[in-house]
Each structure stands twice: as structure tokens, then as C-alpha cells.
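Naming convention: chains lettered A, B, ... in sequence-line order (proteins, then strands); numbering from 1 in each chain. The analysis underlying the following values was restricted to heavy atoms, covering all of them including side chains, and did not include hydrogens, waters or symmetry mates.
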Amino acid sequence: MENKNLVVDEEVKTEPRDFIRQIIDKDNESGKYDGRVHTRFPPEPNGYLHIGHAKAICVDFGIAKEYNGLTNLRFDDTNPVTEDIEYVDSIQEDIKWLGYSWDDRLYYASMYFEKIYQYAQQLIKKGLAYVCSLSLDDIREYRGTVKEAGKPSPDRERPIEESLDLLERMKNGEFEDGAYTLRAKIDMAHSNMKMRDPLIYRIKNASHHQTGDKWHIYPMYDFAHCLEDSIEKITHSLCTLEFQNNRALYDWFLDALDIYHPQQIEFARLELTHTVTSKRKLKELVEKGLVDGWDDPRMPTLCGLRRKGYPAEAIRNFCEAVGLAKRNSTVELALLEYHVRQVLNKSSLRMMGVINPLKVVITNYPEGQDEWLDAVNNPENPDDGTRKVPFSKELYIERDDFMEDAPRKFFRLSQGREVRLRYAYFIKCHDIVKDENGEIIEVHCTYDPETKGGNAPDGRKVKATMHWVSAQHAKQVEVRMLNNLFSEENPNKKEEGKTFIDFLNPDSLEIKTNCFVEPELANAKSGVNYQFERIGYFILDSKYSTKEKPVFNRTVTLKDAWKKIKNKKK
RNA sequence: UGGGACGUCGACAAGUGGUAAGUCACAUGGUUUUGGUCCAUGUAUCCGCGGGUUCGAAUCCUGCCGUCCCAACCA
């Protein structure tokens with residue numbers, strides 16, 4: 001009886017649906033778009049994609065995929081002066097890397113310029129648009145404020161024929177930038193500022209990366225976007241919250257023109273702690289040389305995260321976990337890192353590497369001898385097999401793994417203590433060597449030959465298993481310890497006399513040049529994530545690494561229980 | 001003459017009148033040749049605040065309070 005109830009419960013339980021999926025479910029039920037789901041991802045090619053865009057991409061492409069629908073990639077290239085072909089290339093690369101495909105549906109707003117122009121003419125003919133000669137300043141003044149109504153432009157009643165003629169001449173390049181604009185005739189007293197006779201076209205005598213010098217006028221976002229969606233027969237036009245006010249205009253244009261009408265739905269954008277995602281700020285970091293370009297591994301850009309070693313799958317899982325709602329929120333970096341560790345733990349080959357070396361001499365190990373021991377490549381995946389690691393008289397261990405006056409909770413190496421060297425032997429420390437400054441430069445140990453492979457025949461236990469490398473066999477490499485770009489959780493916070501630059505983490509990049517890795521890692525492959533056991537995940541840097549001098553980036557640390565204990569004591 | 005949206009655990013987030021899901025973080029145990037992974041357990045008598053309706057309210061009504069967005073010829 002009890003069992004039966006349990007089964008019923010499980011059947012009834014459904015995955016939580018976010019509000020957008022609920023809307024689509026309803027639309028499908030009512031047959032609103034004949035069951036079609038067709039979304040679009042519409043970036044303006046004026047910057048590199050970052051983690052915030054990743055959410056939008058996962059939403060746009062992910063949801064459509066779920067419903068067996070389609071997603072278009074569309075460059076919203078309506079402002080030639082801010083855009084560049086460099087960005088249209090990088091954006092495509094990043095979307096592909098994230099794992100999504102637009103198949104052959106790659107569009108540009110600029111492909112529709114002719115059509116959009118005709119729609120503008122229609123609007124004029126319907127008496128719903130006019131050419132305005134007000135200057136930029138005057139337009140602003142005439143618009144009024146949020147609490148006061150605006151006043152009509154003197155050109156508001158310009159005859160249709162005249163507006164048509166003027167628009168044609170604007171298009172032909174007869175006027176200077178700013179001389180005229182085309183405006184929708186809506187309501188200068190509307191409580192929604194976006195509805196106070198918004199601009200439809202402005203003159204820009206600028207060369208466009210797609211259309212060259214063909215056009216001298218370019219449509220504004222609000223006019224172009226709804227038309228693009230309509231032309232492409234988009235069903236659900238998903239965008240971020242700041243466009244909520246624009247929706248009234250979106251609907252107004254499509255109603256005025258009486259054409260196919262997609263629905264715009266807004267959701268909260270993704271904000272992350274310890275970083276910035278505003279295009280302006282990212283650009284400032286690059287231009288001031290505070291980072292090593294857009295793909296600096298500390299940047300939240302997709303190319304930066306990729307270079308740092310974040311797997312695309314982890315970013316997708318993260319976006320899924322973050323959810324979809326209308327509440328502005330900032331997600332903790334810890335959640336992203338959790339998902340990175342999660343996928344890396346399953347897939348990464350384990351290797352041994354020492355970041356801060358301390359020499360260990362095995363005093364009872366024969367001089368000149370070495371032996372190659374078996375090591376498991378990935379305990380999470382036996383199919384990855386094993387490899388050989390060399391052992392010899394002189395080794396390196398991590399400095400943090402030895403402590404002279406060790407507290408009770410410190411399980412690692414210390415005088416008189418026995419520990420296991422992973423896949424090798426138990427060793428016991430009997431001596432330390434210091435330099436004139438009192439700093440430990442060498443640790444002397446004995447090993448127990450009976451414990452080869454790491455097990456004691458007498459069943460003796462040790463508290464710690466440590467990583468190590470053989471000094472004579474190890475490869476010296478450079479390792480870049482990447483930390484949060486900002487030490488402040490919220491670098492955007494307003495503080496007297498400070499900007500986000502002041503919250504930069506001075507230790508965001510620690511370059512370690514005296515690191516040693518096991519021979520296998522001398523042949524590390526680019527683009528492959530490795531786990532340095534007990535330390536973290538690492539990947540060859542795509543920019544600075546060479547065969548002779550490998551450079552590794554630390555993708556993310558392993559969780560560190562000891563660090564927590566240590567810090568608690570302080 | 002202001003308008004539009006939003007307030008549920010430290011961070012996200014379900015919940016749609018029947019008595020507060022889940023994830024991360026945190027804490028405690030267990031397993032472990034990574035102080036990793038994995039597993040188990042614990043963590044909101046309460047849903048911004050105050051009234052009201054109801055047998056019953058996070059869900060409905062009402063009044064406050066708070067946060068975000070809008071006055072680019074940006075998107």
C-alpha cells in the first residue's frame with residue numbers, strides 16, 4: 001500500500017517549469033503558432049560574447065531544441081559605427097564552441113534594410129510617421145521628462161508627400177548626419193517614454209561592414225527588431241528585462257503595419273559575483289592593458305573562459321542550474337565553479353605536478369637507481385587505463401605538504417611522521433636541512449621497500465597520501481595560478497571616489513616558473529584538461545605555451561578541506 | 001503624469017487557495033592510495049511589512065516599504 005503511493009507520487013511529480021516554458025506550453029496547447037517554436041539569438045556585433053550571453057544562448061537555442069523548434073542566429077547590425085567584422089566572426093566561433101547550431105539560418109538585420117525601408121514608407125503613408133528636423137538637443141527637450149508630458153515637434157503634421165520625399169533624400173545621402181530623423185507619430189504625452197514619438201531612422205553617413213556605402217540612413221533598434229522577428233516568422237522573441245518598456249513599441253509597429261506578430265518575452269539577465277559583464281567595462285580592461293586582451297583567462301568572455309579551461313558543457317549545465325525568472329539576481333561564482341569541477345572530475349586525466357617544490361632525499365634509496373610505477377589515469381573512468389611514473393632517490397613534493405611544527409590536524413609530512421607517496425612508497429621523515437635564513441631547503445626521509453605501490457603488508461595505515469615527482473625525470477614548466485579578477489564580490493558597487501578598477505584583485509594572476517611535472521605531462525595536448533592531483537585542474541595556455549616551455553593555466557582549484565581547517569584556526 | 005517590472009534560506013529557484021521542492025554554499029558523519037569524488041544527515045513554523053477575505057493564504061484583496069528599468073540620432 002505504501003509502495004503504491006510512492007510510485008503514484010513519483011509519476012505526478014514533474015520537472016519545475018520556468019515561466020517561459022509555461023507560456024510556450026500554453027501556446028502549443030492553444031495552437032497559437034501551429035505548435036511551432038522558433039527563436040532567435042540576435043547579438044549586435046560590437047563586442048565579444050561573455051558568460052551573460054551564454055545564458056541567453058542557452059535559453060534561445062536550448063528551449064527551441066527542447067520543443068523540436070529552430071533558432072536563427074541574427075546579427076542585429078543596425079549601427080555601423082560601433083560594429084566590426086571581427087566581432088561577427090568571434091560570436092559565431094563562441095556559439096559553436098558552446099555547442100549550438102543555427103544550421104543555415106544565419107541572418108543580418110542589414111539583409112532586410114530594403115524591406116525595412118519600405119515598411120517605413122508605409123508608416124508615413126498611413127500618417128503614422130513623419131520626418132523631423134529637430135536637433136538632438138531639441139528632441140530631448142521636446143520629449144519631456146518621466147513626470148511631465150512632452151510637446152509635439154513642429155514637423156509632426158508635415159504632409160505625407162513631403163516626408164516621403166525627405167526620407168528618400170535622406171536615404172540618398174543628401175544630408176549631413178543629424179539633419180533629419182524619421183519618427184513614429186504616437187503620443188508625446190505617453191507615460192511610457194519609449195512611446196513619445198520614437199525615432200525610426202537616423203542619418204549616418206558611415207560605411208557598414210555588410211552593406212558598405214549603400215545606405216546613409218539606418219533603422220533604430222525598436223523599429224528594426226520587431227520587423228526582423230516578423231520577417232523571420234519568429235514565434236517567441238526572448239530578450240532581457242531592460243526591454244520590457246520597449247515591448248509596447250514592438251507591438252505598436254507590428255499592429256500599425258498589420259503583419260505577422262511574434263511575442264516578446266523578457267527574462268532576467270545573468271550577473272555573476274567577482275566579475276563585470278558590461279561591455280563598456282570589459283572594453284576598458286582591455287584598452288587600459290589591465291588584462292591580456294579579450295581572451296585573457298581571467299575575463300568572463302567565452303573566449304577567456306575557454307582559454308582558462310572551462311568546458312562548454314559546464315557552462316551549459318551552469319546556465320541550466322541558474323534557472324529562468326524575472327527577478328534581477330547575481331549568482332555566486334561558486335556555482336559556476338561547482339559545475340566546472342563536476343564535468344572535469346568525470347573527464348580529466350590525473351597527473352602529478354608540484355607547484356612549489358621542496359626537495360626530498362630518500363636516504364636509504366640506492367643512488368642512481370630508478371623504477372617506473374603504475375599510476376591510475378582516472379579513477380572515475382577505468383577505461384582511461386594506467387601510466388608509468390618514475391621514482392628515484394631525489395624527489396620534489398609540495399612545500400605545503402611539509403610542516404616543521406605540525407598541529408594535530410595536519411596529516412601530512414613532518415619529522416617522525418610517515419606518509420604515503422601516491423602509487424609509490426611510505427616514507428618517513430628523519431631530518432631537515434635549512435639554509436642560513438632558517439628556511440627548509442631539503443627534507444630527508446627513509447622509504448619502506450615493503451610498501452611498493454602504496455600498501456603496507458602489515459596493514460599499517462597512514463593519514464596522508466601525497467603527490468610527488470622524481471627530480472631527475474621531471475619537466476620544469478610554468479604554471480599560471482588564476483584567481484578572481486576582482487577581489488570584491490560586487491565590483492559594480494558604488495563607493496565614494498572609487499570605480500570598478502579599484503576593486504581589481506592584485507593577485508588575480510600568479511605566475512609560477514619553478515614547477516615540476518611528471519614526464520607524461522611533458523607531452524600534454526593542447527585543449528585537454530588535466531587534473532594535477534590534490535591541486536586543481538589545468539590546461540595548456542593556447543597563447544604562451546610552447547613545446548619547449550609549456551605554460552599551464554589553472555582552470556579551477558580542487559575543493560580544499562585542509563585550507564578550511566587551517567583558516568578556521570587563525 | 002509618471003509608467004513598467006520584481007521582492008520565498010547566505011546565493012539561485014520551485015510553488016498558481018490545501019499547510020514551504022531542488023541546487024550551490026555551509027555544518028556533521030561515512031567510504032576513499034587525491035583533506036578530491038561519492039554517500040548520508042542537518043539547516044526558512046516561515047514567504048518584504050501591516051491589515052483583510054477564507055475552515056484554510058507565499059498564493060486572493062488592500063495599504064505601505066524596498067530594489068531594478070525607461071527621458072541615446074545605442075542595442
Side-chain angles (χ1 to χ4, degrees), chain A residues 13 15-18 22 42-44 46 76 78-79 81-82 132 134-136 139-141 143-150 177-183 189-196 199-204 217-218 220-222 224-225 239-248 266 268 270 273 279 318 320-339 341-342 345-346 350 352 375-376 379-380 409-412 420-424 453-455 461-467 489 531-536 557-566:
Chain A
K13 207 173 275 175
E15 278 292 294
R17 308 289 279 172
D18 55 78
Q22 288 180 27
E44 183 188 18
N46 68 347
D76 213 354
T78 55
N79 186 358
V81 304
T82 58
C132 177
L134 249 27
S135 70
L136 194 147
I139 286 178
R140 182 178 302 138
E141 197 193 315
R143 188 147 38 212
T145 69
V146 290
K147 301 211 178 205
E148 297 162 57
D177 287 14
Y180 292 102
T181 57
L182 180 68
R183 297 233 253 164
H190 203 110
S191 55
N192 180 351
M193 298 294 289
K194 299 277 182 204
M195 299 295 272
R196 318 244 264 226
L199 270 59
I200 294 177
Y201 266 102
R202 77 287 215 193
I203 299 172
K204 273 183 195 286
I217 55 172
Y218 293 92
M220 299 288 290
Y221 164 85
D222 284 304
H225 203 91
C239 62
T240 45
L241 249 30
E242 66 269 28
F243 290 101
Q244 284 176 129
N245 296 321
N246 302 248
R247 191 177 61 241
E266 312 87 9
L270 168 64
T273 61
K279 218 166 264 178
F318 166 69
E320 193 56 45
V322 157
L324 199 47
K326 300 183 76 162
R327 182 186 334 174
N328 279 314
S329 55
T330 304
V331 179
E332 288 176 348
L333 224 204
L335 183 64
L336 213 205
E337 292 188 334
Y338 167 80
H339 284 282
R341 290 189 185 105
Q342 197 69 15
N345 174 54
K346 293 243 160 53
R350 312 294 130 120
M352 293 200 284
V376 174
E380 301 289 324
K409 293 248 177 138
F410 185 83
F411 302 152
R412 283 110 92 145
R420 171 167 40 227
L421 293 181
R422 185 147 220 218
Y423 301 125
N455 283 308
K461 301 283 181 205
V462 288
K463 284 228 149 175
T465 300
M466 298 171 10
H467 63 281
E489 186 176 300
Q531 183 193 104
F532 289 13
E533 292 213 50
R534 303 208 303 134
I535 300 183
T557 61
L558 251 33
K559 279 180 73 178
D560 189 349
W562 164 241
K563 193 170 152 193
K564 254 182 222 167
I565 296 165
K566 201 170 57 177

Strand RNA chain B as a dot-bracket string - pairs counted if Watson-Crick or G-U with both distances under 3.5 Å, | where the partner lies in another strand: .(((((((.[[[..)..(...]]].(((((.......))))).....[[[[[..)....]]]]])))))).....
Quick check: does any side chain N or O of [X] sit under 3.5 Å from a backbone N or O of [Y], one acting as donor and the other as acceptor?
X	Y	result
A:Arg350	A:Glu533	no
A:Glu380	A:Asn345	no
A:Arg143	A:Gly150	no
A:Asn192	A:Asn245	yes
A:Thr273	A:Leu333	yes

Between [N] ([atom2]) and [X] ([atom1]): distance, integer Å:
X	N	atom1	atom2	answer
A:Arg247	B:rG3	CZ	C1'	13 Å
A:Glu380	B:rC39	CD	P	10 Å
A:Lys326	B:rA13	NZ	C1'	16 Å
A:Lys566	B:rG35	NZ	C1'	12 Å
A:Asp18	B:rC6	CG	P	15 Å
A:Leu324	B:rA5	CG	P	18 Å
A:Asp560	B:rG35	CG	C1'	7 Å
A:Lys409	B:rG35	NZ	C1'	11 Å

Would one find a side-chain N or O of A:Ser329 under 4.0 angstrom from OP1 or OP2 of B:rA13? yes
Quick one: is A:Gln22 getting a side-chain N or O under 4.0 Å of the B:rA14 phosphate, OP1 or OP2? no
NA contact type, A:Ala149, heavy-atom cut-off 4.0 Å: base, sugar-phosphate, or nothing? base
What is the nucleic acid contact for A:Phe532, judged by heavy atoms within less than 4.0 Å: base, sugar-phosphate only, or nothing? nothing
Test side chain to side chain donor-acceptor pair (under 3.5 Å) applied to A:Thr240 - qualifying residues, sequence neighbours left out: A:Glu242
For A:Thr330, which residues count as a side chain to side chain donor-acceptor pair (under 3.5 Å) partner, sequence neighbours excluded? none
For nucleotides 69-75 of chain B, just jot down a letter per nucleotide in 5' to 3' order: B, S or -, based on protein non-hydrogen atoms under 4.0 Å. BSBSBSB
Which nucleotides of nucleotides 23-32 of chain B have their base under 4.0 Å from a protein heavy atom (B), which only their sugar-phosphate (S), and which neither (-), written as one string 5' to 3'? -S-SSS----
Between B:rA21, B:rG36, B:rG35, which nucleotide gets closest to the side-chain atoms of A:Ile565? B:rG35
Of B:rC6, B:rG4, B:rG35, the nucleotide closest to the side chain of A:Arg327 is B:rC6
Less than 4.5 Å apart, side chain to side chain, heavy atoms only: is that true for A:Val376 and A:Tyr423? yes
Can you find a heavy atom in the side chain of A:Thr557 that is under 4.5 Å from one in the side chain of A:Arg341? yes
Does the base of B:rG35 carry an N or O that pairs as donor and acceptor with the side chain of A:Arg412 under 3.5 Å? yes
Could a donor-acceptor pair under 3.5 angstrom be found where the side chain of A:Gln342 meets the base of B:rU37? no
Can you name the atoms? Protein N/O to nucleotides 40-43 of chain B N/O, anything below 3.5 Å, with the distance.
none

